[in-house]
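These notes concern the structure reproduced below.
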Amino acid sequence: MNAAPLNFQWDGEAMVPTAHSRRLLNEHFVVGERYQFVVHEERSQASHNHYFALLKEAWQNLPEAWADKLPTQEHARKFALIATGYCDIRTTAAPSRSAALKIAAFVKPMDDFAVVDVLPESPVVRVRTAKSQSKRAMGKAEFQKSKDDVLAYLARIGGYEATELGRAA
């Protein structure tokens with residue numbers, strides 16, 4: 001099935017697909033069969049734009065000590081996503097701690113935004129990558145929670161309250 005959203009209009013009794021959606025539905029579904037649909041609430045472009053405006057403000061107000069670690073707004077966003085748990089985690093066990101350090105050094109340049117580390121006193125390499133905040137990857141509620149968590153995290157690093165960030169932007 002095509003990953004593009006299908007569009008319908010509620011007529012008071014049934015969800016009626018638009019002409020384009022009707023064609024796609026006929027290609028992928030069988031007349032008379034039952035299917036379950038899930039309501040997907042679109043997040044607003046205004047919320048998306050607001051987030052990135054606040055994110056820029058937060059990144060620009062980070063202490064100088066963070067400049068090398070978070071050289072761009074995108075680095076700050078992905079670092080904060082990982083720090084607040086919006087990440088995918090992959091681990092692998094190496095035969096020794098020194099081998100784990102070599103693996104980590106090899107893996108790190110593959111993704112500028114990933115947090116790659118060797119767990120303390122072990123030969124385990126952990127790679128954390130930020131989850132996508134795209135409209136397709138995160139629904140309205142999860143995006144709003146991640147937005148709030150990321151901005152609060154960056155505000156803490158900056159030494160101020162997230163509410164101050166909103167006023168500044």
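Sequence positions, counted from 1, serve as the residue numbers for this chain. Fair warning: this is a prediction, and the values are worked out from it, not measured in the lab.
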Pair His50, Lys147 - check side-chain hydrogen bond (donor to acceptor under 3.5 Å, both in side chains), show working. CA-CA 10 Å; His50 178 252; Lys147 172 182 165 180; 3.2 Å; yes
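- Expressed to the nearest 0.5 Å, how far OG of Ser47 lies from CG of Asn49 amounts to 9.0 Å.
- Side-chain contact check for Thr129 versus Cys87: every heavy-atom pair is 4.5 Å or farther apart.
- For the pair Asn7 and His20, the minimum side-chain heavy-atom distance is 4.5 Å or more.
- Of the charged side-chain nitrogens involved, at least one lies within less than 4.0 Å of a carboxylate oxygen, so that Glu74 and Arg77 count as a salt-bridged pair.
- In this structure, OG on Ser44 lies 7.5 Å from NZ on Lys135, to the nearest 0.5 angstrom.
- Annotation: the span from Lys131 atom NZ to Met138 atom CE amounts to 7.0 Å, rounded to 0.5 Å.
- Leu24 places a side-chain heavy atom less than 4.5 Å from the side chain of Leu6.
- Between Trp59 and Phe52, the distance from one ring center to the other does not fall under 6.0 angstrom.
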What's the verdict on side-chain contact (heavy atoms from CB on, under 4.5 Å) for Val16 and Phe8, showing C-alpha distance, side-chain angles and the deciding distance? CA-CA 5 Å; Val16 180; Phe8 296 84; over 6 Å; no
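- Taking all atoms of both residues into account, the shortest heavy-atom contact from Pro123 to Ala100 is O-CB, 3.5 Å.
- Proximity of a side-chain donor or acceptor of Arg22 to a complementary backbone N or O of Pro17 within less than 3.5 Å is detected.
- The pair Lys78-Asp112 does not meet the salt-bridge criterion, since no charged nitrogen lies less than 4.0 angstrom from a carboxylate oxygen.
- With 3.5 Å as the limit, one finds a donor-acceptor pair spanning the side chains of Ser21 and Thr18.
- Expressed to the nearest 0.5 Å, how far CZ of Phe113 lies from CG of Leu81 amounts to 11.5 Å.
- Val127 and Val124 fall into different hydrophobic clusters, where Ile, Leu, Val, Met, Phe, Trp and Tyr residues are linked whenever their side-chain heavy atoms come under 4.5 Å apart, directly or through other members.
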Applying side-chain contact (heavy atoms from CB on, under 4.5 Å), run through Ser146 and Thr84 and close with a yes or a no. CA-CA 8 Å; Ser146 71; Thr84 56; over 6 Å; no
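- Note: Phe29 and Tyr35 meet the aromatic proximity criterion, with ring centroids under 6.0 Å apart.
- Note that the CZ atom of Phe79 and the CG atom of Leu62 stand 10.0 Å from one another [nearest 0.5 Å].
- Summarising the geometry of Ala94 relative to Ile103, their closest heavy-atom pair is CB-CD1, 3.8 Å, with the distance given to 0.1 Å.
- In the hydrophobic cluster analysis, where Ile, Leu, Val, Met, Phe, Trp and Tyr join through side-chain heavy atoms closer than 4.5 angstrom, Tyr160 is grouped together with Leu154.
- In this structure, the separation between CZ on Phe143 and OG on Ser132 is 10.5 Å, given to the nearest 0.5 Å.
- Residue Arg128 forms a salt bridge (charged side-chain N to carboxylate O under 4.0 Å, His left out) with just one option from Asp111, Asp88, Asp117, and that option is Asp117.
- Under the 4.5 Å side-chain contact rule for hydrophobic residues, Ile157 and Tyr86 share a cluster.
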Apply side-chain hydrogen bond (donor to acceptor under 3.5 Å, both in side chains) to residues Tyr51 and Gln133 and explain how you reach the verdict. CA-CA 11 Å; Tyr51 172 54; Gln133 288 181 299; 3.0 Å; yes
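- Heavy-atom contacts from other residues, nucleotides or ligands closer than 6.0 Å to CD of Gln45 number more than 12.
- Counting heavy-atom neighbours within 6.0 Å of Phe106 CZ, excluding the residue itself, gives a total of 12 or less.
- More than 12 heavy atoms of other residues, nucleotides or ligands sit less than 6.0 Å from atom CG of Asp11.
- Residues Met110 and Val118 are members of one and the same hydrophobic cluster, defined by side-chain heavy-atom contacts under 4.5 angstrom among Ile, Leu, Val, Met, Phe, Trp and Tyr.
- Hydrophobic cluster membership differs between Val115 and Val107, with clusters built from Ile, Leu, Val, Met, Phe, Trp and Tyr side chains linked at under 4.5 angstrom.
- The local environment of CD in Glu121 is sparse, with at most 12 non-hydrogen atoms from other residues, nucleotides or ligands closer than 6.0 Å.
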